[in-house]
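Read through the structure below, which is laid out as structure tokens, and then see the notes.
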Amino acid sequence: MNMKGIWTKQTLINLLLGQFLSLLITATGFLSSELARKGINAPTSQSFLNYVLLALFYGVLMIYRQEGIKAKWYFYVLLGIVDVEANFLVVKAYQYTSLTSVMLLDCWAIPCVLLFTWFFLKTKYRPRKLVGVAICIAGLVLVIFSDVHAADRSSGSNPIKGDIIVIAGATLYAVSNVSEEFFVKSADMVELMAFLGLFGAIVSGCQIGILERNELRSIHWSAGAALPFVGFSLAMFLFYSFVPVLLKRSGATMLNLALLTSDMWAVVIRIFVYHQKVDWIYFVAFAAVAVGLLVYSGRDKVDKNVADEGIVRSKRFDEETGLDNSARKDAIESSRTEENRQSFDAETELGIQFQGR
């Protein structure tokens with residue numbers, strides 16, 4: 001493997017950005033788990049403030065730019081519904097199962113993203129990309145075995161129900177991520193975030209009024225309850241703001257692979273916050289995921305050669321087109337010159353005949 005083809009500036013930026021997003025999603029998981037421990041079960045309400053912040057911040061930017069809408073508004077309505085329900089299901093799962101279980105099963109989004117991008121966006125994955133994905137998933141398998149050994153997955157009021165909810169939410173996350181990748185590359189990031197925030201806030205508000213109205217009334221609001229709510233919203237706002245950047249640079253698959261390390265950061269929380277002991281397999285799994293990310297994010301030499309060939313062909317085509325246009329122009333000018341000469345000769349001959357008469 002050519003390490004020069006992997007350790008590029010673009011690769012390092014993508015990896016660092018992915019880990020920043022991974023830390024943010026770990027923070028949201030930790031805060032959701034804390035709210036569940038306090039008996040606060042309002043998953044849609046947790047995400048509502050995030051959508052409001054997105055709508056206000058990016059809506060102002062969109063109005064300031066005064067540019068037209070590049071995509072159909074009803075597509076953003078559907079995306080808002082899918083995104084709200086994905087957040088609802090995953091946050092809801094913390095009521096039934098453990099933090100580690102949620103973050104592990106959330107990796108179901110990876111094969112879903114691979115399938116959706118291949119089928120809808122016509123993305124082609126080279127063997128090295130698939131090898132990187134396999135290494136990352138192998139690292140998570142190690143974590144699962146460690147959890148089974150430590151009986152961590154038995155925690156929670158109803159682990160099986162929680163696991164099913166997580167899988168459903170992860171599938172919707174995959175749909176949301178692939179849709180966002182499409183809009184980022186075909187429309188505009190500011191437009192995407194503004195409309196996602198607007199319609200996400202509307203859908204969340206309606207759902208809160210139907211499902212969580214009584215839950216919000218029963219909450220005894222204090223600093224211990226309000227701070228996790230606000231912290232969750234701020235972390236989600238930053239997460240949503242930087243996700244389109246990574247989607248545009250690397251795609252939805254790289255995003256979900258980068259978020260796999262959130263499982264490892266959850267282990268750090270277990271050690272330093274909950275003071276729990278973890279198996280050494282976790283560290284091996286973290287190394288495996290890191291290697292898999294590195295392999296996947298590295299740029300293929302074949303891709304570079306194809307791009308270079310495309311540039312060369314484009315230049316050659318432009319040169320040939322320029323030569324053809326030049327030859328065509330010379331032919332037209334020559335034809336015009338010949339016509340003028342023939343016309344002049346005809347006029348001269350008529351003049352001579354007139355003088356002879």
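- No donor-acceptor distance shorter than 3.5 angstrom exists from the side chain of Asn50 to the backbone of Gln46, with no hydrogens or angles considered.
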Quiz item: What do the steps show when you test Trp108 against Tyr173 for ring-ring contact (aromatic ring centres under 6.0 Å, His included), and what is the final call?
Solution: CA-CA 10 Å; Trp108 169 252; Tyr173 269 141; over 10 Å; no

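- The aromatic ring centres of Tyr76 and Phe183 sit less than 6.0 Å apart.
- Between the side chain of Ser33 and the backbone N or O of Gly29, no donor-acceptor pair lies under 3.5 Å.
- Counting non-hydrogen atoms of neighbouring residues, nucleotides and ligands closer than 6.0 angstrom, the NZ atom of Lys185 exceeds 12 such neighbours.
- In this structure, the side chains of Leu53 and Tyr240 stay at 4.5 Å or more apart for every pair of heavy atoms.
- At a threshold of 4.5 Å between non-hydrogen side-chain atoms, the residues Leu79 and Leu192 count as touching.
- For the pair Ser241/Leu54, a side-chain contact is recorded, criterion being any heavy-atom separation below 4.5 Å from C-beta on.
- Between Phe20 and Phe242, the two ring planes are perpendicular [angle over 60°; tilted spans 30° to 60°].
- Side chains of Tyr58 and Phe195 form no contact here, defined as non-hydrogen atoms less than 4.5 Å apart.
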Exercise. Any chance you could lay out the side chain to side chain contact (heavy atoms under 4.5 Å, CB included) test for Phe239 and Leu234, step after step, and finish with the verdict?
Key: CA-CA 9 Å; Phe239 178 79; Leu234 292 177; over 6 Å; no

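- For Glu85 (side chain) and Leu172 (main-chain N/O), no donor-acceptor pair under 3.5 Å exists by modelled atom type.
- The shortest side-chain heavy-atom distance between Asn87 and Met236 falls under the 4.5 Å cut-off.
- Ile208 places none of its side-chain heavy atoms less than 4.5 Å from the side chain of Arg213.
- The local environment of CZ in Phe182 is sparse, with at most 12 non-hydrogen atoms from other residues, nucleotides or ligands closer than 6.0 Å.
- When atom types are taken as modelled, the side chain of Thr28 and the backbone of Ile25 share a donor-acceptor pair closer than 3.5 angstrom.
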Quiz prompt | Steps toward side-chain hydrogen bond (donor to acceptor under 3.5 Å, both in side chains) verdict (Tyr125, Thr253) | solution = CA-CA 10 Å; Tyr125 295 98; Thr253 303; 2.7 Å; yes

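- Scanning both residues, Cys112 and Thr171, for their nearest heavy atoms gives SG-OG1, 4.2 Å.
- Closest approach of Glu191 and Ala71 over heavy atoms only: OE2-N, 3.2 Å.
- Put simply, Val91 and Ile219 are part of two different groups of oily side chains (I, L, V, M, F, W, Y) that touch within less than 4.5 Å, one to the next.
- Between Val166 and Leu89, every side-chain heavy-atom pair lies at or beyond the 4.5 Å cut-off.
- At least one donor-acceptor pair closer than 3.5 Å links the side chain of Thr117 to the backbone N or O of Leu114.
- Of the possible polar contacts, one joining the Thr26 side chain to the Ser22 backbone as a donor-acceptor pair under 3.5 Å is found.
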Quiz prompt | Trace of the side chain to side chain contact (heavy atoms under 4.5 Å, CB included) decision for Leu211 with Thr44 | solution = CA-CA 9 Å; Leu211 300 178; Thr44 308; 5.6 Å; no

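- Between the side chains of Tyr94 and Asn41, no donor-acceptor pair of N or O atoms lies under 3.5 Å.
- Formation of a donor-acceptor pair under 3.5 Å by the Glu181 side chain with backbone atoms of Ala252 is found in this model.
- Side-chain contact between Tyr74 and Leu78 is absent, with no heavy-atom pair separated by less than 4.5 Å.
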